[in-house]
Amino acid sequence: MKRLLTLLALMLPVFSGAQSLTVSHLSETHTLVQVSGNDRYVLLPVQETAQEAAVKVLSNGREVYKANVALAIDKTDYLVPLDLAPWAGSSILLDIKMTQGRGVRRDPSDDVCWADMATAATVDRTNKEKQYRPTYHFSPEWGWMNDPNGMVYKDGEWHLFYQWNPYGSFWGNMTWGHAVSKDLVNWEPLGAAIVPDALGDIFSGSAVVDKDNTAGFGKDAIVAMYTSAGDNQTQSLAYSNDGGRTFTKYAGNPVIVAEDTPDFRDPKLFWDNQTRQWKVVLAAGQEVQFYSSHNLKDWTYDSSFGLSYGNHNGVWECPDLIRLPFEGKDKWVLLLNINPGGPFGGSATQYFVGSYDGKTFKCDDLPTTTRWMDYGKDHYAAVTWSNAPEGRTVAIAWMSNWQYANSVPTTQFRSSNSVPRDLSLIRKGKEVILKSTPSKEVEALRGNPVQHTLATAPVELFETPMKAYEMLIRFNLQKKEGATLVLSNETGEQVVFSYEPESQTFSMDRRGSGAVKFSKKFAAVTTAPTQVGGKMELRLLVDSASIEAFGPDFCMTNLVFPASPYNILKMYGNTKADVTLYPLSK
Ligand code: FRU
């Protein structure tokens with residue numbers, strides 16, 4: 001009898017905060033939520049530490065979507081919107097299964113998510129992360145972000161898609177989020193562009209403008225190729241005829257499959273003028289593979305590269321093949337992201353310089369050579385924009401590291417991107433190296449410059465400390481002399497930059513930079529080879545939670561989480577330096 005009463009109690013509808021949700025607990029772990037009314041969104045309460053529940057959306061009784069959401073058990077950290085627009089006008093039921101083992105002898109109505117769940121006509125887009133929300137780096141309004149995807153320039157707009165979890169600040173539910181910009185620094189968020197389906201989650205990929213309608217999706221359609229990550233990884237297409245605002249998945253998906261290749265992903269499309277064909281380069285285990293096509297739908301395998309080349313201490317991911325002018329000729333650079341195996345642990349971007357004849361990539365270096373694109377810990381999944389204007393090659397990287405990306409101390413969102421960087425090839429001694437320069441658009445953020453001369457006395461940078469600024473530091477050292485700079489805040493948290501003449505290196509030490517204990521892998525000193533001594537220039541881009549350092553022959557990207565902005569700069573050594581300081585704001 002008692003059991004019957006309990007069961008009855010479980011099944012009785014419980015009205016949630018908003019009257020348009022009817023909650024029925026069918027068992028300890030299975031709950032139905034009937035949605036009524038015309039609101040566009042259901043706000044799902046998330047507790048970061050809760051185990052994920054499987055949420056299925058049923059429209060007129062048919063399953064149309066599913067996502068894993070850490071529904072709140074004892075406290076709601078934040079609400080995430082589930083957008084019902086695709087099924088507007090139908091009867092919506094949420095079928096929710098709490099994770100097995102989550103509730104042993106539990107009363108499901110105790111979970112706070114049922115009372116905190118609500119419907120809403122609009123989404124609250126206000127920023128709740130006051131401390132570490134970047135000022136001028138792209139970050140998602142909410143949720144988790146990793147790789148930049150599908151970057152393409154069209155009709156004056158820079159499109160940025162990205163690996164997004166719209167339902168929590170940790171990896172999962174991989175969806176392409178979307179934002180557009182006219183100037184590479186001000187981004188308009190456009191929500192979800194491509195969402196998971198029966199073929200799997202939407203992993204990384206790329207996009208092109210099909211100017212000649214080779215695919216038959218429409219002239220000037222934006223065509224995206226991404227990895228469908230289901231039981232196996234395959235490559236699929238989606239296209240847009242309205243400037244990336246909506247995408248239609250190709251009915252013939254998937255378009256590239258491989259047998260027995262578990263890590264088979266991250267297709268980067270490009271147009272090859274030599275063969276007048278579309279090409280794709282993708283990661284396949286410990287190599288990259290090239291394919292050709294006339295219509296973006298039918299693909300022929302061309303060649304592979306990489307088995308014995310470069311670093312293999314991790315999974316090969318997110319390749320990109322770019323053509324760059326060098327001393328009057330063209331060279332080809334293969335960008336290749338690897339995780340783990342980076343020079344300071346975890347993820348990093350390596351590259352190979354060589355030639356490409358429309359079928360095969362040949363590397364100029366010996367197989368044993370490994371080159372890194374950035375010498376920090378937080379530069380990953382770097383790829384370039386397709387169709388960029390003025391012949392530019394513009395790259396952007398995810399500014400985090402798989403070692404700790406899921407535990408960095410931000411709320412509401414996790415991860416931001418690097419500043420966009422124009423790529424070029426330069427000579428360094430006998431070598432040809434890839435140089436990353438902050439895109440010129442970043443300079444438009446500069447406010448009035450302040451000039452400082454730096455000697456051993458500490459310099460206060462701003463009267464009121466600022467989170468976002470740029471410093472150009474010019475050293476005039478003796479030939480074999482080094483220098484050390486310490487950037488600190490009022491609580492003594494500091495980042496130390498050192499030029500070492502013996503090792504001819506530049507390093508950044510973030511071990512005392514602020515919050516570092518959230519992961520054992522975070523505190524680190526990162527080092528780059530560079531020429532030390534004589535006249536040197538260092539450019540530092542500082543934001544709420546990152547420092548990007550650019551020298552003439554290196555770049556270094558590192559996250560930092562100070563309690564307050566760094567506002568004091570001190571120099572050690574017998575020398576002086578001139579500092580031009582720009583506040584940066586949008
Ligand atoms: C790289 C990566 C890609 C994959 C995506 C999934 O960070 O692992 O290889 O497509 O993230 O989110």
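When a ligand or atom number is given, it counts from 1 through the structure's own listing order. Computed from a predicted model, the values in this text were never measured in an experiment.
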Report the relative orientation of the aromatic rings in [X] and [Y]; use parallel for angles under 30°, tilted for 30 to 60°, perpendicular for over 60°.
| X | Y | result |
| --- | --- | --- |
| Tyr239 | Phe217 | parallel |
| Phe161 | Phe247 | perpendicular |
| Trp171 | Trp402 | perpendicular |

Pull out every atom of ligand 1 sitting under 4.0 Å from any heavy atom of [X], numbered as shown with elements.
| X | value |
| --- | --- |
| Met174 | 12 (O) |
| Asn146 | 5 (C), 6 (C), 7 (O), 11 (O), 12 (O) |
| Tyr380 | 1 (C), 7 (O) |
| Phe203 | 4 (C), 6 (C), 10 (O) |
| Ser204 | 5 (C), 10 (O) |

Q: With heavy atoms only and a cut-off of under 4.0 Å, state how Trp398 meets ligand 1: side chain, backbone, both or neither.
A: neither

Closest approach of any protein heavy atom to [atom], naming residue and atom:
| atom | result |
| --- | --- |
| atom 12 (O) of ligand 1 | Gln163 OE1, 2.6 Å |
| atom 4 (C) of ligand 1 | Asp266 OD1, 3.6 Å |
| atom 7 (O) of ligand 1 | Asp147 OD1, 2.7 Å |
| atom 8 (O) of ligand 1 | Glu317 OE2, 2.8 Å |

Q: Let me see the working for Lys268 and Asp266 under salt bridge (Lys or Arg N to Asp or Glu O under 4.0 Å), right down to the final yes or no.
A: CA-CA 6 Å; Lys268 180 70 164 75; Asp266 309 339; over 6 Å; no

Q. With distance as the sole test, does Asp147 use its side chain to make a donor-acceptor pair with the main-chain N or O of Ala381 at under 3.5 Å?
A. no

Q: Determine, using ring centers only, whether Trp332 and Tyr356 are less than 6.0 Å apart.
A: yes

Q | Taking every non-hydrogen atom, the tightest pair across Pro166 and Asn173 | A | CD-O, 4.0 Å

